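Encoded as structure tokens, the structure appears first; notes follow it.
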Amino acid sequence: MKNTPSRWARSIALLAVVSVLASCGLPRVGPNKREIFAGSVQQQGDAFIVSVNNRVTRATAVVPALGFSESFINAGVVGSDTIRPGDTLGISVWENVDDPLLGGADAAGPAILEEVQVDGNGFIFIPYAGRIRAAGNTPERVRKIVTDKLDDQTPDPQVQVRRVAGDGSTVSLVGSVGGQGVYAIERPTRTLSSMLARAGGVTIEPEIAQVTVLRGDKSGKIWFQDLYRNPEFDIALRGGDRILVEEDTRAFTSLGATGTQARVPFESQSISAVEAIATVGGLVSTSADPTGVFVFRNEPAEIANQVLGRTDLIGAQRLIYVLDLTQPNGLFMARDFVIRDQDTLYVTEAPFTQWNKTISALTGSLTAVSSATTTFGG
């Protein structure tokens, strides 16, 4: 009879623990498969749940297309000798007289006019020669014009015109390049790839480098690697172009029973579900359910209609794609399914995981109760 109070105490404690576990639940990483499927449209929810198959992988295999418009691609290479508004010219004049017209400090040497700016209308001013149109001409043509103008006032002038970099023949490079700055468009650097090389190349992984060219109110963007895969994208540069090199900003989020729960940046132009899983450390072998790999996405109406075989959907739709890695072709489907920007990759826990947690909680709680009853109940 002496053990009766102790037995009653243990029974009451066990009931209390079970009641707490039943009412409060156990810690877990997120919803289970049953709860996710309960949120489907078929169950009066607001998301379409779709099992991934060959048709789905084809319909969703969309990689952001980057490239330049025809106005960029069709622009011809500008001759490095063509003078444009904003350019700067250096002009030297030799005169075969004792008292030179342009007043050189040394009668035997030339009169040097440094940094003669071509104005916005394309003209320059030379003393005694007047206002001369330079834009659209080559340095040789300008030399002949200046010579003819001065020949009436000084005998047999010898004129040299050289074109140097000015505001009208430069581009600016910023971002992840070896040397940011303003560079002149010269004979070796008249295209995008050659100018990037002149600036020291890109300083980030080429697979995720994007190059943006701003020209007036227009812009174009290209993958760095596509400059070499597609020569037509190696566009000719124009004075005033602004070139930005930056890292791809796309990322997906990994949650659930994976090796890492984090926001994960893309490491290549495209990434498959298998690659995404591997990137975050794979599935946790002690808790992950390989039949419950989900990808949550807001899908454009055009793609959503293709995936669901409909034509009536308007606006972005919530789609949940399901991958079952235990199927014979499950890994192939995961390999062919493309992860996109802002996707959420979620792996559910296996059912036995919650059971193990329940058992652990019960045994741990009963051990604590047993200790307490031993201490207080004898």
Side-chain angles (χ1 to χ4, degrees), residues 71-72 75-97 99-174 177 179-192 194-200 213-219 235-244:
S71 62
F72 280 91
V77 174
V78 175
S80 60
D81 291 333
T82 302
I83 298 171
R84 294 181 293 277
D87 281 354
T88 302
L89 305 178
I91 300 175
S92 301
V93 180
W94 285 264
E95 299 180 56
N96 190 22
V97 294
D99 185 14
L101 182 67
L102 296 178
D106 183 357
I112 300 176
L113 305 178
E114 295 287 0
E115 297 187 358
V116 178
Q117 187 80 30
V118 181
D119 65 24
N121 294 321
F123 288 85
I124 59 173
F125 176 78
I126 304 295
Y128 301 103
R131 197 161 180 257
I132 297 171
R133 181 166 187 83
N137 290 321
T138 64
E140 173 61 20
R141 176 58 182 160
V142 173
R143 185 193 70 79
K144 290 181 179 180
I145 295 174
V146 174
T147 300
D148 291 342
K149 293 280 188 180
L150 294 178
D151 192 47
D152 295 336
Q153 305 178 62
T154 184
D156 194 23
Q158 302 298 305
V159 179
Q160 180 188 59
V161 177
R162 59 191 181 280
R163 178 181 174 276
V164 296
D167 295 339
S169 58
T170 60
V171 299
S172 59
L173 283 92
V174 295
V177 292
Q180 301 185 67
V182 178
Y183 294 86
I185 300 177
E186 300 171 324
R187 189 176 295 276
T189 58
R190 291 183 287 180
T191 63
L192 180 57
S194 60
M195 186 61 75
L196 289 171
R198 173 67 180 83
V213 178
L214 303 173
R215 180 174 297 169
D217 58 353
K218 299 179 180 179
S219 67
I235 60 172
L237 297 177
R238 291 289 185 271
D241 281 354
R242 292 162 291 163
I243 303 171
L244 169 65

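As the structure is a prediction and not an experimental result, all values here were calculated from the model. In what follows, residues are counted from 1 in the order of the sequence shown.
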Counting heavy atoms not belonging to [X], are there more than 12 under 6.0 Å from its [atom1]?
| X | atom1 | value |
| --- | --- | --- |
| E114 | CD | yes |
| N96 | CG | no |
| Y128 | OH | no |
| R141 | CZ | no |

### Message
I want to check a possible cation-pi pair here: R133 against F123, using under 6.0 Å from ring centre and within 45° of the ring axis as the test.
### Response
yes

So do the side chains of [X] and [Y] get within less than 4.5 Å of each other, counting heavy atoms only?
| X | Y | result |
| --- | --- | --- |
| R215 | I235 | yes |
| V97 | P155 | yes |
| L244 | L214 | no |
| I185 | D241 | no |
| N137 | I132 | no |
| P157 | V146 | no |
| R242 | S219 | no |
| V93 | L101 | no |

### Task
Decide yes or no on side-chain contact (heavy atoms from CB on, under 4.5 Å) for R131 and N121, but give the supporting numbers first.
CA-CA 11 Å; R131 197 161 180 257; N121 294 321; 4.1 Å; yes

Looking only at heavy atoms, which two atoms of [X] and [Y] are closest? And how far apart?
| X | Y | answer |
| --- | --- | --- |
| K149 | Q153 | O-NE2, 3.8 Å |
| P127 | L113 | CD-CD1, 4.2 Å |
| A199 | Y183 | CA-OH, 3.8 Å |
| A75 | R238 | CB-NH2, 3.5 Å |
| A184 | T189 | O-OG1, 3.3 Å |

Measuring from [X]:[atom1] to [Y]:[atom2], what's the distance to the nearest 0.5 Å?
| X | Y | atom1 | atom2 | value |
| --- | --- | --- | --- | --- |
| R162 | I91 | CZ | CD1 | 8.5 Å |
| L150 | I145 | CG | CD1 | 12.0 Å |
| F72 | L237 | CZ | CG | 10.5 Å |
| Q180 | S172 | CD | OG | 10.0 Å |
| T138 | K144 | OG1 | NZ | 8.0 Å |

### Task
Decide yes or no on side-chain contact (heavy atoms from CB on, under 4.5 Å) for I124 and I83, but give the supporting numbers first.
CA-CA 11 Å; I124 59 173; I83 298 171; over 6 Å; no

#### Entry: Between Q117 and D119: side-chain donor-acceptor atoms closer than 3.5 Å
no

